[in-house]
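The structure under discussion appears below in the form of structure tokens.
This is a predicted model, so every value here is computed, not measured. Read the numbers this way: they start at 1 and go in the same order the structure lists the ligands and their atoms.
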Amino acid sequence: MAETTTGTGLPKGFRSAEQGWPELHRIPHPPHRLPLLGDVLGADRRTPLQDSLRLAPELGPIFRRKAFGKEFVFVWGADLAADMADESRFAKHVGLGIANLRPVVKDGLFTAYNHERNWQLAHDVLAPGFSREAMAGYHPMMLAVADRLMEHWDRELAAGRWVDVPGDMTKLTLETIARTGFGHDFGSFERARPHPFVTAMIGTLTYAQRLNAVPAPFLLRRAARRNDADIAYLNRTVDDLVRARTADGPGDGDLLDRMLETAHPETGERLSPENVRRQVITFLVAGHETTSGALSFALHYLSRHPDVAARARAEVDSVWGDTAVPGYDQVARLRYVRRILDEALRLWPTAPAFAREAREDTVLGGLHPMRRGAWALVLTAMLHRDPEVWGADPERFDPDRFDPKAVRTRPAHTFKPFGTGARACIGRQFALHEATLVLGLLLRRYEFRLDPAYRLRVTERLTLMPEGLRLRLERRRSAAGALPGSDALEPSSETRCPVHRAAD
Ligand code: HEM
């Protein structure tokens with residue numbers, strides 16, 4: 001694995017794309033490049049990803065952009081992206097936005113450099129927390145949180161109000177990871193404003209993204225102070241949570257129990273208290289922000305495509321019948337609902353890019369020499385629109401692209417919303433189970449009415465979210481005429497952690 005020795009993740013001596021890519025001049029960049037400033041004309045620092053999506057078709061499958069002396073290489077052509085998925089020659093690169101999160105979570109699972117020992121240790125200790133058996137254990141808790149969302153939506157519906165889709169999906173996914181991972185309850189559905197943990201988390205993600213778009217960090221002095229306060233709040237919240245667990249004794253075998261109690265099966269090593277704190281923040285953040293976006297985009301498309309929604313409802317009715325509370329195995333059987341989710345993640349992979357670095361000197365796609373440590377961003381959102389793979393109309397929403405027959409005809413490594421290789425998403429099955437379950441429950445209970453004036457606007461803060469998306473609901477009767485019951489679900493109040501109840 002490429003040994004990284006500088007804060008940028010590059011081996012000592014590499015400072016810029018020019019040094020890592022000996023034939024950089026052959027890689028196209030946008031027209032009208034300005035001396036010193038770079039490719040800033042027409043760029044919007046709030047939407048770097050969407051700017052890249054606009055530039056990509058004219059610049060081609062590999063291109064570069066420069067801002068304030070920093071040059072980045074972007075790859076999105078299917079052949080080149082597949083080459084970068086070759087684990088024997090490439091590895092995850094911790095750079096840009098992810099490196100900017102290092103002050104928050106240092107060697108936590110998501111931000112660890114490949115050579116840091118704690119990555120392997122935490123990966124081995126925590127991976128069983130995502131096994132099929134563990135997932136089946138989380139299922140009733142996921143149902144209980146979904147039930148709270150539906151109670152909230154029933155109230156909004158009765159009051160004739162629009163529902164705030166990204167806001168409510170964020171409440172749902174935060175409560176789900178907090179409950180399943182840490183036995184904690186942030187009380188999101190009982191509060192009018194987002195939990196301060198969410199505000200602090202969004203603050204740190206936004207700051208990490210803004211750092212990439214300024215010539216020097218000192219220009220964000222005030223924002224940096226706010227960021228320090230946000231980090232301190234995240235740390236305090238997590239320390240309280242861990243303290244409460246240590247005082248009360250083990251939970252029900254959740255992620256926190258694993259972090260505190262499990263020794264590495266071979267070395268017997270355990271995570272240090274510092275590292276536990278970093279992992280808890282990592283999982284609370286990584287475990288909800290992206291899933292919330294995925295659910296929000298899926299609901300957007302469902303409201304725009306009543307034919308797709310009707311087909312999905314028919315599937316839910318047929319697979320779940322009048323079962324009030326769907327079992328764990330009944331979720332994976334919602335194959336069409338899952339395709340809707342995949343198609344939403346194709347168009348808007350909520351983690352829209354990931355970075356890969358060369359383990360040794362190599363030639364990307366047989367054309368572009370790279371020195372060891374040189375890196376590029378795989379632009380997932382554009383890879384998912386490559387016309388060579390997805391056809392002439394890649395913007396069209398069509399869940400049948402994920403019909404098993406259609407999937408088999410596509411080359412490998414063309415659908416990568418969860419990243420690739422050893423550092424791909426550990427929470428993939430968790431996210432897919434949660435999101436399919438919730439979409440199934442919502443489709444069964446409601447009809448979604450769109451706001452005709454709404455045009456999709458996508459906010460970027462390292463992850464993507466449909467900004468301002470709201471829906472009006474109508475209550476639907478299930479096939480058997482009964483409404484999905486909630487009595488059988490776990491009572492949410494008993495799961496509440498005493499920490500923060502008063503302070504929030
Ligand atoms: C739709 C939802 C999700 C998407 C689109 C997503 C996407 C990703 C991507 C692209 C990566 C790789 C990043 C890179 O290469 O730099 C990643 C890594 C990661 N994800 Fe997710 N994720 C999702 C849900 C989750 C959930 C639910 C959890 C936890 C419960 C989670 C935890 C993590 C962690 C810890 C890593 C780092 C893994 C490592 O480096 O070993 N993610 N995710």
Do Thr350 and Thr290 have side-chain atoms, one donor and one acceptor, less than 3.5 Å apart? no

Quick look: Arg423 vs ligand 1, heavy-atom contacts under 4.0 Å, and the answer is both

Per-atom filter on ligand 1: closer than 4.0 angstrom to a heavy atom of Phe130 are 30 (C)

The atoms of ligand 1 lying under 4.0 Å from a heavy atom of Pro417, numbered in the order shown, are 5 (C), 7 (C), 10 (C)

request  = Measure up the Phe189 and His152 rings against each other and bin them: parallel (under 30°), tilted (30 to 60°), perpendicular (over 60°).
outcome  = tilted

>> Quick test of your reading of the model: are Glu274 and Arg278 salt-bridged, counting only N-O distances below 4.0 Å?
In response: yes

>> For Tyr233 and His195, take the angle between the two ring planes, folded into 0 to 90°, and tell me which bin it lands in: parallel under 30, tilted 30 to 60, perpendicular over 60.
In response: tilted

For Gly419, the ligand 1 atoms with a heavy-atom partner under 4.0 Å come out as 10 (C)

- Query: What about Ala351: any of its N or O atoms under 3.5 Å from an N or O on ligand 1?
  - Reply: no

- Compute the shortest N/O to N/O distance between Thr350 and ligand 1 and return yes if it is under 3.5 Å, no if not. no

Check your understanding: According to the interplanar angle, ranging from 0 to 90°, do the rings of Phe72 and Phe74 count as parallel (below 30°), tilted (30 to 60°) or perpendicular (above 60°)?
Key -> perpendicular

shortest atom 3 (C) of ligand 1-to-protein heavy-atom contact is with Thr290 OG1, 3.2 Å

- If the plane angle is over 60° it's perpendicular, under 30° parallel, otherwise tilted; pick one for Phe283 and Phe130. parallel

For this session: Can you label the angle between the Phe397 ring and the Tyr301 ring as parallel, tilted or perpendicular, going by 30° and 60°?
Result: parallel

Note: ligand 1 atoms sitting under 4.0 Å from heavy atoms of Ala424 are 38 (C)

for atom 14 (C) of ligand 1, nearest protein heavy atom and its distance come out as Lys92 NZ, 3.5 Å

Exactly one of Val308, Asp398, Leu334, Asp400 clears side chain to side chain contact (heavy atoms under 4.5 Å, CB included) with Arg339, and that residue is Asp400

To atom 19 (C) of ligand 1, the nearest of Phe110, Phe354, Trp348, Phe430 on a heavy-atom basis is Phe110

So CE of Met370 and CH2 of Trp21: to nearest 0.5 Å the spacing works out to 4.0 Å

protein heavy-atom neighbour closest to atom 11 (C) of ligand 1 works out as Phe418 O, 3.9 Å

Near Ile177 (heavy-atom distance under 4.0 Å), the atoms of ligand 1 are 30 (C)

heavy-atom search around atom 32 (C) of ligand 1 in the protein gives Ala286 CB, 3.7 Å

Note: heavy atom closest to atom 42 (N) of ligand 1, options Ala422, Cys425, Gly427, Ala294, belongs to Cys425

task = Determine, using heavy atoms of Pro349 and all atoms of ligand 1, whether some pair is separated by less than 4.0 Å.
result = no

Counting from 1 in the order shown, the ligand 1 atoms closer than 4.0 Å to a non-hydrogen atom of Ile98 are 16 (O)

- prompt: Got a salt bridge between Asp342 and Arg401, using NZ or NE/NH1/NH2 to carboxylate O under 4.0 Å?
  reply: no

Is the closest basic N to carboxylate O distance between Arg444 and Glu315 below 4.0 Å? no

For Ile426, the atoms of ligand 1 under 4.0 Å from one of its heavy atoms are 34 (C), 35 (C)

| field | Short N or O distance, His123 and ligand 1, threshold 3.5 Å exclusive | value | no

- Return yes or no for this condition: an N or O of Trp119 is under 3.5 Å from an N or O of ligand 1. yes

Parallel, tilted or perpendicular for Trp375 and His93, by the 30°/60° rule?
-> parallel

